[in-house]
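Structure first, then comments.
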Number of protein chains: 2
Amino acid sequence: MAIIEATLVPVQEGVAPLRPRSLPDQAADAIVQAVASGAIRPGERVVEQKLAAALGISRVPVREGLRVLAAQGLVTVTPHRGCRVAEFDEQGLRQLKDVRVALERLAARGASAAYRTNPQATRPLHDVVGQMAALVERGDRFAMSRLDLQFHRALWTVAGNDMLLRLWEAISRHILVIFGLETETERDFAGIYRQHAHLLAVVEAGELAALDEEIEGHIKQLRHMYADQDSQKTR
Amino acid sequence: MAIIEATLVPVQEGVAPLRPRSLPDQAADAIVQAVASGAIRPGERVVEQKLAAALGISRVPVREGLRVLAAQGLVTVTPHRGCRVAEFDEQGLRQLKDVRVALERLAARGASAAYRTNPQATRPLHDVVGQMAALVERGDRFAMSRLDLQFHRALWTVAGNDMLLRLWEAISRHILVIFGLETETERDFAGIYRQHAHLLAVVEAGELAALDEEIEGHIKQLRHMYADQDSQKTR
DNA sequence: GAAAGTATAATTGTATACATTATGGCAATT
DNA sequence: AATTGCCATAATGTATACAATTATACTTTC
(Lines give C-alpha, C1' and ligand atoms only; values in the text may rest on other atoms or scores of the structure.)
Protein backbone atom coordinates (compact mmCIF):
# COMPACT_ATOMS: atom_id res chain seq x y z
CA MET A 1 0.00 0.00 0.00
CA ALA A 2 1.39 3.30 -1.06
CA ILE A 3 0.11 5.05 2.02
CA ILE A 4 2.05 2.86 4.40
CA GLU A 5 5.14 3.22 2.32
CA ALA A 6 4.84 6.97 2.45
CA THR A 7 4.73 6.97 6.23
CA LEU A 8 7.94 5.00 6.31
CA VAL A 9 9.83 7.64 4.41
CA PRO A 10 11.99 9.41 6.96
CA VAL A 11 10.72 12.94 7.39
CA GLN A 12 13.20 15.60 8.25
CA GLU A 13 12.63 16.54 11.84
CA GLY A 14 12.85 19.97 13.32
CA VAL A 15 11.87 21.90 10.25
CA ALA A 16 8.49 23.52 10.17
CA PRO A 17 6.63 23.65 6.87
CA LEU A 18 6.94 27.21 5.65
CA ARG A 19 3.95 28.80 4.14
CA PRO A 20 4.09 32.10 2.32
CA ARG A 21 1.59 34.60 3.59
CA SER A 22 -0.77 35.55 0.84
CA LEU A 23 -1.65 39.11 -0.05
CA PRO A 24 -5.24 38.75 1.14
CA ASP A 25 -3.97 37.68 4.55
CA GLN A 26 -1.52 40.51 4.70
CA ALA A 27 -4.18 42.94 3.56
CA ALA A 28 -6.54 41.77 6.27
CA ASP A 29 -3.84 42.15 8.89
CA ALA A 30 -2.93 45.57 7.57
CA ILE A 31 -6.53 46.73 7.84
CA VAL A 32 -6.87 45.41 11.37
CA GLN A 33 -3.60 47.05 12.26
CA ALA A 34 -4.78 50.32 10.78
CA VAL A 35 -7.91 50.19 12.91
CA ALA A 36 -5.97 49.22 16.01
CA SER A 37 -3.53 52.06 15.50
CA GLY A 38 -6.29 54.58 14.97
CA ALA A 39 -5.50 55.26 11.33
CA ILE A 40 -8.97 54.03 10.45
CA ARG A 41 -11.70 54.74 12.94
CA PRO A 42 -14.52 52.41 13.89
CA GLY A 43 -17.59 52.99 11.77
CA GLU A 44 -15.57 54.57 9.04
CA ARG A 45 -16.23 53.79 5.44
CA VAL A 46 -13.55 51.79 3.67
CA VAL A 47 -13.00 52.13 -0.06
CA GLU A 48 -11.33 49.22 -1.77
CA GLN A 49 -9.44 51.25 -4.34
CA LYS A 50 -7.90 53.51 -1.73
CA LEU A 51 -6.83 50.58 0.40
CA ALA A 52 -5.36 48.88 -2.63
CA ALA A 53 -3.44 51.99 -3.58
CA ALA A 54 -2.18 52.45 -0.04
CA LEU A 55 -1.00 48.85 0.07
CA GLY A 56 0.44 48.99 -3.41
CA ILE A 57 -1.62 46.09 -4.71
CA SER A 58 -4.76 45.65 -6.76
CA ARG A 59 -8.31 45.50 -5.49
CA VAL A 60 -8.78 41.75 -5.79
CA PRO A 61 -6.68 40.62 -2.82
CA VAL A 62 -8.03 43.55 -0.82
CA ARG A 63 -11.56 42.36 -1.46
CA GLU A 64 -10.71 38.84 -0.38
CA GLY A 65 -9.18 40.15 2.79
CA LEU A 66 -12.25 42.26 3.47
CA ARG A 67 -14.52 39.28 2.91
CA VAL A 68 -12.65 37.37 5.59
CA LEU A 69 -12.79 40.31 7.96
CA ALA A 70 -16.50 40.53 7.32
CA ALA A 71 -16.92 36.86 8.22
CA GLN A 72 -15.03 37.61 11.41
CA GLY A 73 -17.17 40.61 12.15
CA LEU A 74 -14.56 43.33 11.96
CA VAL A 75 -16.19 45.01 9.02
CA THR A 76 -19.73 45.02 7.77
CA VAL A 77 -20.27 44.81 4.07
CA THR A 78 -23.43 45.89 2.32
CA PRO A 79 -23.84 44.73 -1.27
CA HIS A 80 -22.96 47.43 -3.75
CA ARG A 81 -22.46 49.88 -0.93
CA GLY A 82 -19.10 48.88 0.33
CA CYS A 83 -17.46 48.10 3.62
CA ARG A 84 -17.53 49.85 6.93
CA VAL A 85 -15.37 49.16 9.95
CA ALA A 86 -17.41 47.74 12.81
CA GLU A 87 -18.17 49.88 15.80
CA PHE A 88 -16.94 48.77 19.15
CA ASP A 89 -19.50 50.14 21.54
CA GLU A 90 -19.99 49.10 25.10
CA GLN A 91 -22.68 46.59 24.26
CA GLY A 92 -20.49 44.92 21.68
CA LEU A 93 -17.69 44.68 24.17
CA ARG A 94 -19.91 43.02 26.72
CA GLN A 95 -21.06 40.55 24.10
CA LEU A 96 -17.51 39.85 23.05
CA LYS A 97 -16.54 39.31 26.64
CA ASP A 98 -19.39 36.85 27.22
CA VAL A 99 -18.43 34.82 24.18
CA ARG A 100 -14.80 34.90 25.11
CA VAL A 101 -15.42 33.74 28.65
CA ALA A 102 -17.51 30.83 27.43
CA LEU A 103 -14.87 29.71 24.95
CA GLU A 104 -11.87 30.50 27.07
CA ARG A 105 -13.26 28.19 29.71
CA LEU A 106 -13.38 25.47 27.13
CA ALA A 107 -9.84 26.25 26.06
CA ALA A 108 -8.58 26.25 29.62
CA ARG A 109 -10.22 22.93 30.34
CA GLY A 110 -8.77 21.48 27.20
CA ALA A 111 -5.32 22.76 28.06
CA SER A 112 -5.71 21.40 31.55
CA ALA A 113 -6.57 17.98 30.18
CA ALA A 114 -3.65 18.13 27.78
CA TYR A 115 -1.33 18.92 30.67
CA ARG A 116 -2.56 15.94 32.63
CA THR A 117 -1.87 13.71 29.66
CA ASN A 118 1.49 15.26 28.97
CA PRO A 119 3.10 17.79 31.33
CA GLN A 120 5.17 19.08 28.43
CA ALA A 121 2.05 20.38 26.72
CA THR A 122 2.01 23.67 28.58
CA ARG A 123 5.59 24.43 27.68
CA PRO A 124 4.65 27.20 25.19
CA LEU A 125 2.60 28.88 27.89
CA HIS A 126 5.55 28.95 30.25
CA ASP A 127 7.64 30.43 27.49
CA VAL A 128 5.25 33.31 26.99
CA VAL A 129 4.96 33.95 30.71
CA GLY A 130 8.74 33.99 30.85
CA GLN A 131 8.86 36.64 28.16
CA MET A 132 6.28 38.62 30.08
CA ALA A 133 8.46 38.56 33.16
CA ALA A 134 11.33 39.92 31.13
CA LEU A 135 9.15 42.76 29.94
CA VAL A 136 7.92 43.93 33.32
CA GLU A 137 10.91 46.20 33.84
CA ARG A 138 10.89 48.07 30.57
CA GLY A 139 7.21 48.78 30.12
CA ASP A 140 6.64 48.28 26.43
CA ARG A 141 2.89 48.54 26.17
CA PHE A 142 2.66 47.23 22.63
CA ALA A 143 4.90 44.26 23.29
CA MET A 144 2.98 43.35 26.42
CA SER A 145 -0.32 43.39 24.56
CA ARG A 146 1.17 41.10 21.96
CA LEU A 147 2.36 38.68 24.60
CA ASP A 148 -1.07 38.79 26.19
CA LEU A 149 -2.70 37.69 22.95
CA GLN A 150 0.10 35.23 22.33
CA PHE A 151 -0.47 33.59 25.69
CA HIS A 152 -4.13 33.04 25.01
CA ARG A 153 -3.50 31.86 21.49
CA ALA A 154 -1.09 29.32 22.94
CA LEU A 155 -3.68 28.31 25.50
CA TRP A 156 -6.29 27.71 22.81
CA THR A 157 -3.75 25.86 20.72
CA VAL A 158 -2.76 23.56 23.54
CA ALA A 159 -6.42 22.75 24.00
CA GLY A 160 -6.14 20.95 20.67
CA ASN A 161 -9.55 21.92 19.36
CA ASP A 162 -9.34 23.10 15.77
CA MET A 163 -12.75 24.69 15.70
CA LEU A 164 -12.01 26.53 18.88
CA LEU A 165 -8.73 27.81 17.51
CA ARG A 166 -10.47 29.03 14.39
CA LEU A 167 -12.94 31.04 16.42
CA TRP A 168 -10.03 32.49 18.35
CA GLU A 169 -8.66 33.91 15.10
CA ALA A 170 -11.78 36.03 14.87
CA ILE A 171 -11.99 36.93 18.54
CA SER A 172 -8.34 37.83 18.87
CA ARG A 173 -8.61 40.32 16.04
CA HIS A 174 -11.36 42.08 17.91
CA ILE A 175 -9.27 42.12 21.04
CA LEU A 176 -6.29 43.40 19.09
CA VAL A 177 -8.33 46.36 17.92
CA ILE A 178 -9.70 46.98 21.38
CA PHE A 179 -6.24 46.89 22.89
CA GLY A 180 -5.17 49.42 20.33
CA LEU A 181 -8.13 51.68 20.92
CA GLU A 182 -7.91 51.50 24.65
CA THR A 183 -7.06 54.61 26.56
CA GLU A 184 -3.45 55.41 27.21
CA THR A 185 -3.81 54.67 30.89
CA GLU A 186 -0.66 52.90 31.88
CA ARG A 187 -1.36 49.24 32.28
CA ASP A 188 -0.03 47.46 35.28
CA PHE A 189 2.67 45.39 33.65
CA ALA A 190 3.62 43.47 36.74
CA GLY A 191 -0.04 42.74 37.28
CA ILE A 192 -0.50 41.37 33.79
CA TYR A 193 2.47 39.12 34.20
CA ARG A 194 1.26 37.92 37.58
CA GLN A 195 -2.26 37.27 36.31
CA HIS A 196 -1.13 35.08 33.47
CA ALA A 197 1.33 33.20 35.61
CA HIS A 198 -1.46 32.53 38.06
CA LEU A 199 -3.86 31.47 35.34
CA LEU A 200 -1.29 29.04 34.05
CA ALA A 201 -0.84 27.60 37.53
CA VAL A 202 -4.58 27.11 37.88
CA VAL A 203 -4.74 25.42 34.50
CA GLU A 204 -2.08 22.97 35.54
CA ALA A 205 -3.75 22.42 38.89
CA GLY A 206 -6.85 21.34 37.03
CA GLU A 207 -9.53 22.35 39.50
CA LEU A 208 -12.49 23.04 37.25
CA ALA A 209 -14.40 25.32 39.58
CA ALA A 210 -11.34 27.41 40.31
CA LEU A 211 -10.59 27.53 36.60
CA ASP A 212 -13.98 28.94 35.71
CA GLU A 213 -13.66 31.59 38.35
CA GLU A 214 -10.14 32.48 37.30
CA ILE A 215 -11.15 32.88 33.67
CA GLU A 216 -14.09 35.04 34.54
CA GLY A 217 -11.92 37.34 36.60
CA HIS A 218 -9.15 37.34 34.05
CA ILE A 219 -11.30 38.58 31.23
CA LYS A 220 -13.38 41.07 33.12
CA GLN A 221 -10.54 43.56 33.03
CA LEU A 222 -11.02 43.99 29.31
CA ARG A 223 -14.29 45.86 29.53
CA HIS A 224 -12.92 47.97 32.30
CA MET A 225 -10.07 49.48 30.45
CA TYR A 226 -12.11 50.46 27.51
CA ALA A 227 -15.09 51.88 29.37
CA ASP A 228 -13.53 55.32 29.89
CA GLN A 229 -12.94 56.05 26.27
CA ASP A 230 -16.34 54.80 25.29
CA SER A 231 -18.10 57.16 27.65
CA GLN A 232 -16.31 60.05 25.96
CA LYS A 233 -18.04 59.29 22.75
CA THR A 234 -20.74 61.88 22.14
CA ARG A 235 -22.72 60.01 19.59
CA MET B 1 -28.45 69.37 14.66
CA ALA B 2 -28.81 67.29 11.59
CA ILE B 3 -28.61 64.04 13.48
CA ILE B 4 -31.59 64.79 15.65
CA GLU B 5 -33.56 65.88 12.65
CA ALA B 6 -32.76 62.62 10.95
CA THR B 7 -34.06 60.59 13.84
CA LEU B 8 -37.32 62.47 13.68
CA VAL B 9 -37.94 61.44 10.11
CA PRO B 10 -40.59 58.76 10.29
CA VAL B 11 -39.15 55.45 9.20
CA GLN B 12 -41.48 53.07 7.51
CA GLU B 13 -42.12 50.24 9.90
CA GLY B 14 -42.66 46.62 9.07
CA VAL B 15 -40.54 46.50 5.97
CA ALA B 16 -37.25 44.70 6.13
CA PRO B 17 -34.36 46.14 4.15
CA LEU B 18 -33.89 43.87 1.18
CA ARG B 19 -30.41 42.93 0.28
CA PRO B 20 -29.50 41.11 -2.88
CA ARG B 21 -27.46 38.02 -2.24
CA SER B 22 -24.08 38.38 -3.81
CA LEU B 23 -22.49 35.75 -6.00
CA PRO B 24 -19.77 34.97 -3.44
CA ASP B 25 -22.44 34.22 -0.86
CA GLN B 26 -24.38 32.09 -3.27
CA ALA B 27 -21.22 30.31 -4.31
CA ALA B 28 -20.34 29.56 -0.69
CA ASP B 29 -23.81 28.21 -0.05
CA ALA B 30 -23.67 26.15 -3.21
CA ILE B 31 -20.40 24.58 -2.17
CA VAL B 32 -21.70 23.78 1.30
CA GLN B 33 -24.83 22.35 -0.24
CA ALA B 34 -22.77 20.23 -2.59
CA VAL B 35 -20.81 18.81 0.33
CA ALA B 36 -23.96 18.24 2.36
CA SER B 37 -25.61 16.42 -0.52
CA GLY B 38 -22.58 14.25 -1.13
CA ALA B 39 -21.73 15.70 -4.51
CA ILE B 40 -18.37 16.75 -3.11
CA ARG B 41 -16.84 14.48 -0.52
CA PRO B 42 -14.96 15.60 2.58
CA GLY B 43 -11.25 15.84 1.95
CA GLU B 44 -11.77 16.19 -1.75
CA ARG B 45 -9.79 18.69 -3.73
CA VAL B 46 -11.74 21.65 -5.08
CA VAL B 47 -10.66 23.41 -8.25
CA GLU B 48 -11.82 26.98 -8.66
CA GLN B 49 -12.22 26.87 -12.41
CA LYS B 50 -14.40 23.78 -12.32
CA LEU B 51 -16.59 25.24 -9.62
CA ALA B 52 -16.88 28.47 -11.56
CA ALA B 53 -17.83 26.59 -14.70
CA ALA B 54 -20.38 24.50 -12.84
CA LEU B 55 -21.94 27.60 -11.33
CA GLY B 56 -21.77 29.52 -14.58
CA ILE B 57 -19.74 32.38 -13.16
CA SER B 58 -16.12 33.45 -13.17
CA ARG B 59 -13.46 32.42 -10.71
CA VAL B 60 -13.36 35.66 -8.74
CA PRO B 61 -16.62 35.33 -6.80
CA VAL B 62 -15.88 31.63 -6.31
CA ARG B 63 -12.57 32.52 -4.72
CA GLU B 64 -14.20 35.01 -2.41
CA GLY B 65 -16.73 32.45 -1.34
CA LEU B 66 -13.98 29.91 -0.72
CA ARG B 67 -12.06 32.41 1.39
CA VAL B 68 -15.08 32.86 3.63
CA LEU B 69 -15.57 29.11 3.89
CA ALA B 70 -11.91 28.80 4.81
CA ALA B 71 -12.37 31.35 7.58
CA GLN B 72 -15.29 29.26 8.80
CA GLY B 73 -13.27 26.09 8.62
CA LEU B 74 -15.24 24.24 5.97
CA VAL B 75 -12.35 24.18 3.56
CA THR B 76 -8.64 24.36 4.07
CA VAL B 77 -6.65 26.43 1.67
CA THR B 78 -2.95 26.04 1.10
CA PRO B 79 -1.24 28.86 -0.78
CA HIS B 80 -0.71 28.00 -4.42
CA ARG B 81 -2.00 24.52 -3.82
CA GLY B 82 -5.68 25.14 -3.73
CA CYS B 83 -8.62 24.27 -1.58
CA ARG B 84 -9.70 21.04 -0.01
CA VAL B 85 -12.97 20.31 1.72
CA ALA B 86 -12.48 19.73 5.43
CA GLU B 87 -12.74 16.25 6.83
CA PHE B 88 -15.35 15.56 9.43
CA ASP B 89 -13.82 12.84 11.51
CA GLU B 90 -14.94 11.76 14.92
CA GLN B 91 -12.47 13.98 16.70
CA GLY B 92 -13.62 17.02 14.77
CA LEU B 93 -17.20 16.25 15.63
CA ARG B 94 -16.41 16.02 19.30
CA GLN B 95 -14.62 19.33 19.13
CA LEU B 96 -17.50 20.92 17.28
CA LYS B 97 -19.89 19.57 19.85
CA ASP B 98 -17.85 20.99 22.73
CA VAL B 99 -17.74 24.42 21.16
CA ARG B 100 -21.40 24.31 20.35
CA VAL B 101 -22.41 23.32 23.85
CA ALA B 102 -20.39 26.16 25.33
CA LEU B 103 -21.91 28.73 23.01
CA GLU B 104 -25.39 27.32 22.95
CA ARG B 105 -25.49 27.68 26.70
CA LEU B 106 -24.66 31.31 26.30
CA ALA B 107 -27.34 31.66 23.65
CA ALA B 108 -29.92 29.92 25.78
CA ARG B 109 -29.14 32.12 28.75
CA GLY B 110 -29.36 35.19 26.60
CA ALA B 111 -32.67 34.08 25.16
CA SER B 112 -33.91 33.32 28.63
CA ALA B 113 -32.99 36.80 29.77
CA ALA B 114 -34.66 38.31 26.73
CA TYR B 115 -37.81 36.40 27.53
CA ARG B 116 -37.87 37.71 31.06
CA THR B 117 -37.57 41.23 29.76
CA ASN B 118 -40.14 40.72 27.06
CA PRO B 119 -42.24 37.55 26.82
CA GLN B 120 -42.79 38.26 23.13
CA ALA B 121 -39.10 37.70 22.44
CA THR B 122 -39.40 33.94 22.09
CA ARG B 123 -42.18 34.23 19.57
CA PRO B 124 -39.99 33.12 16.62
CA LEU B 125 -39.02 30.02 18.56
CA HIS B 126 -42.64 29.07 19.09
CA ASP B 127 -43.24 29.55 15.39
CA VAL B 128 -40.51 27.11 14.45
CA VAL B 129 -41.68 24.57 16.99
CA GLY B 130 -45.16 24.93 15.54
CA GLN B 131 -43.85 24.15 12.09
CA MET B 132 -42.04 21.16 13.52
CA ALA B 133 -45.26 19.85 14.95
CA ALA B 134 -46.87 20.13 11.55
CA LEU B 135 -44.06 18.12 10.05
CA VAL B 136 -44.15 15.19 12.44
CA GLU B 137 -46.78 13.37 10.40
CA ARG B 138 -45.22 13.55 6.98
CA GLY B 139 -41.62 12.73 7.76
CA ASP B 140 -39.68 15.04 5.51
CA ARG B 141 -36.14 14.49 6.69
CA PHE B 142 -34.66 17.45 4.86
CA ALA B 143 -37.34 19.86 6.03
CA MET B 144 -36.97 18.73 9.62
CA SER B 145 -33.23 19.29 9.55
CA ARG B 146 -33.81 22.76 8.22
CA LEU B 147 -36.25 23.53 10.99
CA ASP B 148 -33.77 22.17 13.50
CA LEU B 149 -31.13 24.61 12.34
CA GLN B 150 -33.72 27.34 12.05
CA PHE B 151 -34.75 26.86 15.66
CA HIS B 152 -31.24 27.23 16.94
CA ARG B 153 -30.54 30.16 14.70
CA ALA B 154 -33.61 31.83 16.14
CA LEU B 155 -32.42 31.00 19.63
CA TRP B 156 -29.06 32.59 19.02
CA THR B 157 -30.74 35.58 17.41
CA VAL B 158 -33.06 36.12 20.33
CA ALA B 159 -30.04 36.12 22.59
CA GLY B 160 -29.16 39.41 20.95
CA ASN B 161 -25.41 38.89 20.84
CA ASP B 162 -24.00 39.83 17.45
CA MET B 163 -20.69 38.11 17.93
CA LEU B 164 -22.44 34.97 19.03
CA LEU B 165 -24.68 35.03 15.99
CA ARG B 166 -21.69 35.46 13.72
CA LEU B 167 -20.04 32.39 15.17
CA TRP B 168 -23.28 30.52 14.63
CA GLU B 169 -23.02 31.21 10.93
CA ALA B 170 -19.84 29.17 10.89
CA ILE B 171 -21.02 26.45 13.23
CA SER B 172 -24.35 25.97 11.51
CA ARG B 173 -22.65 25.34 8.20
CA HIS B 174 -20.71 22.53 9.77
CA ILE B 175 -23.87 21.11 11.21
CA LEU B 176 -25.61 21.44 7.88
CA VAL B 177 -22.94 19.32 6.27
CA ILE B 178 -23.02 16.79 9.06
CA PHE B 179 -26.79 16.51 8.83
CA GLY B 180 -26.41 15.86 5.14
CA LEU B 181 -23.68 13.29 5.58
CA GLU B 182 -25.40 11.49 8.39
CA THR B 183 -26.55 7.96 7.84
CA GLU B 184 -29.97 7.39 6.42
CA THR B 185 -31.23 6.03 9.71
CA GLU B 186 -34.71 7.37 10.09
CA ARG B 187 -34.68 10.14 12.59
CA ASP B 188 -37.32 10.20 15.26
CA PHE B 189 -39.37 13.14 14.04
CA ALA B 190 -41.72 13.20 16.98
CA GLY B 191 -38.72 13.08 19.26
CA ILE B 192 -37.05 16.04 17.58
CA TYR B 193 -40.19 18.07 17.87
CA ARG B 194 -40.61 17.12 21.52
CA GLN B 195 -36.99 17.91 22.34
CA HIS B 196 -37.13 21.39 20.92
CA ALA B 197 -40.46 22.14 22.53
CA HIS B 198 -39.01 21.06 25.84
CA LEU B 199 -35.86 23.10 25.35
CA LEU B 200 -37.98 26.13 24.64
CA ALA B 201 -39.97 25.54 27.81
CA VAL B 202 -36.79 25.30 29.86
CA VAL B 203 -35.48 28.50 28.30
CA GLU B 204 -38.62 30.33 29.29
CA ALA B 205 -38.53 28.81 32.75
CA GLY B 206 -35.10 30.31 33.20
CA GLU B 207 -33.54 27.83 35.60
CA LEU B 208 -29.87 28.08 34.75
CA ALA B 209 -28.78 24.70 36.04
CA ALA B 210 -31.60 22.93 34.23
CA LEU B 211 -30.77 24.90 31.10
CA ASP B 212 -27.16 23.77 31.06
CA GLU B 213 -28.18 20.19 31.49
CA GLU B 214 -30.83 20.44 28.81
CA ILE B 215 -28.41 21.91 26.30
CA GLU B 216 -25.83 19.27 26.99
CA GLY B 217 -28.34 16.51 26.41
CA HIS B 218 -29.83 18.21 23.42
CA ILE B 219 -26.58 18.40 21.52
CA LYS B 220 -25.15 15.06 22.44
CA GLN B 221 -27.38 13.39 19.90
CA LEU B 222 -25.39 14.93 17.10
CA ARG B 223 -22.26 12.91 17.63
CA HIS B 224 -24.33 9.83 18.05
CA MET B 225 -25.96 9.84 14.71
CA TYR B 226 -22.80 10.34 12.84
CA ALA B 227 -20.67 7.87 14.72
CA ASP B 228 -21.92 4.87 12.73
CA GLN B 229 -20.92 6.22 9.36
CA ASP B 230 -17.59 7.35 10.65
CA SER B 231 -16.67 3.92 11.89
CA GLN B 232 -17.33 2.58 8.42
CA LYS B 233 -14.55 4.66 7.04
CA THR B 234 -11.65 2.42 6.18
CA ARG B 235 -8.96 5.02 6.02
C1' DG C 1 -41.04 74.85 -1.85
C1' DA C 2 -41.04 69.91 -1.48
C1' DA C 3 -41.04 65.82 -3.98
C1' DA C 4 -39.83 63.41 -7.95
C1' DG C 5 -37.09 62.82 -11.96
C1' DT C 6 -32.41 62.93 -14.36
C1' DA C 7 -27.59 63.06 -15.49
C1' DT C 8 -22.94 62.36 -13.81
C1' DA C 9 -19.37 60.64 -10.86
C1' DA C 10 -17.80 57.30 -7.69
C1' DT C 11 -17.66 52.66 -6.18
C1' DT C 12 -18.59 48.03 -6.15
C1' DG C 13 -19.21 43.51 -8.76
C1' DT C 14 -17.64 40.48 -12.28
C1' DA C 15 -15.06 38.78 -16.12
C1' DT C 16 -10.93 38.13 -18.62
C1' DA C 17 -5.95 38.04 -19.20
C1' DC C 18 -1.54 37.47 -17.50
C1' DA C 19 2.07 36.09 -13.93
C1' DT C 20 3.54 32.94 -10.53
C1' DT C 21 3.86 28.66 -8.40
C1' DA C 22 3.27 23.71 -7.69
C1' DT C 23 3.21 19.03 -9.73
C1' DG C 24 4.67 15.01 -12.42
C1' DG C 25 7.45 12.88 -15.73
C1' DC C 26 11.78 12.08 -17.81
C1' DA C 27 16.47 12.55 -18.78
C1' DA C 28 21.10 13.37 -16.88
C1' DT C 29 24.41 12.69 -13.36
C1' DT C 30 26.79 10.61 -9.62
C1' DA D 1 19.69 2.95 -8.17
C1' DA D 2 18.86 7.15 -6.19
C1' DT D 3 19.15 11.87 -6.51
C1' DT D 4 19.14 16.02 -9.05
C1' DG D 5 17.84 19.12 -12.72
C1' DC D 6 14.72 20.42 -16.15
C1' DC D 7 10.62 20.94 -18.78
C1' DA D 8 5.52 20.77 -19.64
C1' DT D 9 1.16 21.16 -17.63
C1' DA D 10 -2.27 22.62 -14.50
C1' DA D 11 -3.90 25.47 -11.05
C1' DT D 12 -3.59 29.39 -8.23
C1' DG D 13 -2.53 34.48 -7.47
C1' DT D 14 -2.83 39.05 -9.18
C1' DA D 15 -3.80 42.82 -12.19
C1' DT D 16 -6.52 45.18 -15.42
C1' DA D 17 -10.81 46.18 -17.89
C1' DC D 18 -15.51 46.46 -18.12
C1' DA D 19 -20.45 46.20 -16.33
C1' DA D 20 -23.76 47.21 -12.82
C1' DT D 21 -25.14 49.76 -8.97
C1' DT D 22 -25.34 53.54 -5.84
C1' DA D 23 -24.72 58.28 -4.36
C1' DT D 24 -24.83 63.18 -5.41
C1' DA D 25 -26.05 67.34 -7.49
C1' DC D 26 -29.07 69.46 -10.23
C1' DT D 27 -33.23 70.21 -12.71
C1' DT D 28 -37.97 69.68 -13.30
C1' DT D 29 -42.69 69.46 -11.94
C1' DC D 30 -46.76 69.98 -9.26
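Fair warning: this is a prediction, and the values are worked out from it, not measured in the lab. Below, chains carry the letters A, B, ... as their sequence lines are ordered, and counting in each starts from 1.
- The B:R63 side chain lies nearest to D:dT12 when the options are D:dA15, C:dT14, D:dT12.
- Taking atom CD of residue B:E64 and atom P of nucleotide C:dT14, one finds them 7 Å apart after rounding to whole Å.
- Atom CD in B:Q49 sits about 11 Å away from atom P in C:dA15, given to the nearest Å.
- Counting distance only, with no hydrogens placed and no angle test, the side-chain atoms of A:R81 and the base atoms of C:dG13 include no donor-acceptor pair under 3.5 Å.
- Counting non-hydrogen atoms under 4.0 angstrom, B:V46 reaches the backbone sugars and phosphates but no base.
- Between the NE2 atom of A:H80 and the C1' atom of C:dG13 there is a distance of 6 Å, given to the nearest Å.
- B:Q26 has its CD atom 9 Å from the P atom of C:dT14, to the nearest Å.
- For C:dA22, neither phosphate oxygen OP1 nor OP2 lies less than 4.0 angstrom from any side-chain nitrogen or oxygen of B:R45.
- Across all strands, A:V62 comes closer than 4.0 Å to no nucleic acid atom at all (heavy-atom distances).
- When each of B:K50 and A:R21 is assigned the nucleotide of DNA chain D bearing its nearest heavy atom, the one mapping closer to the 5' terminus is B:K50.
- Taking atom CG of residue B:L51 and atom P of nucleotide D:dA10, one finds them 18 Å apart after rounding to whole Å.
- Ion pairing between a basic and an acidic side chain is recognised when a charged N comes within 4.0 Å of a carboxylate O; B:E64 and A:R63 show such pairing.
- Nearest to the side-chain atoms of B:P61 among the listed nucleotides D:dG13, D:dT16, C:dA15 stands C:dA15.
- Using the six-membered ring where Trp is involved, A:H196 and A:F151 have ring planes that are perpendicular, over 60° apart on the 30 and 60° scheme.
- Residue A:R146 qualifies as open at atom CZ: its count of foreign heavy atoms under 6.0 Å is 12 or below.
- Taking atom CD1 on B:I57 and atom P on C:dT14, their separation rounds to 8 Å, with Å as the unit.
- Contact check on A:D29 versus A:R173 returns a salt bridge, with a Lys/Arg side-chain nitrogen under 4.0 Å from an Asp/Glu carboxylate oxygen.
- Among the nucleotides C:dG13, D:dG13, D:dT16, the one closest to any side-chain atom of B:E48 is D:dG13.
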For a side chain to side chain contact (heavy atoms under 4.5 Å, CB included) check, start with the C-alpha distance between A:L66 and A:V77, then their side-chain angles and the critical distance, and finish with the verdict. CA-CA 8 Å; A:L66 283 171; A:V77 41; over 6 Å; no

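- In this entry the distance linking CG of A:L23 with P of C:dA19 reads 17 Å, nearest Å.
- Distance, A:R59 CZ to C:dT16 P: 17 Å, rounded to whole Å.
- If you check D:dT14, C:dG13, D:dT12 against the side chain of B:V47, the one that comes closest is D:dT12.
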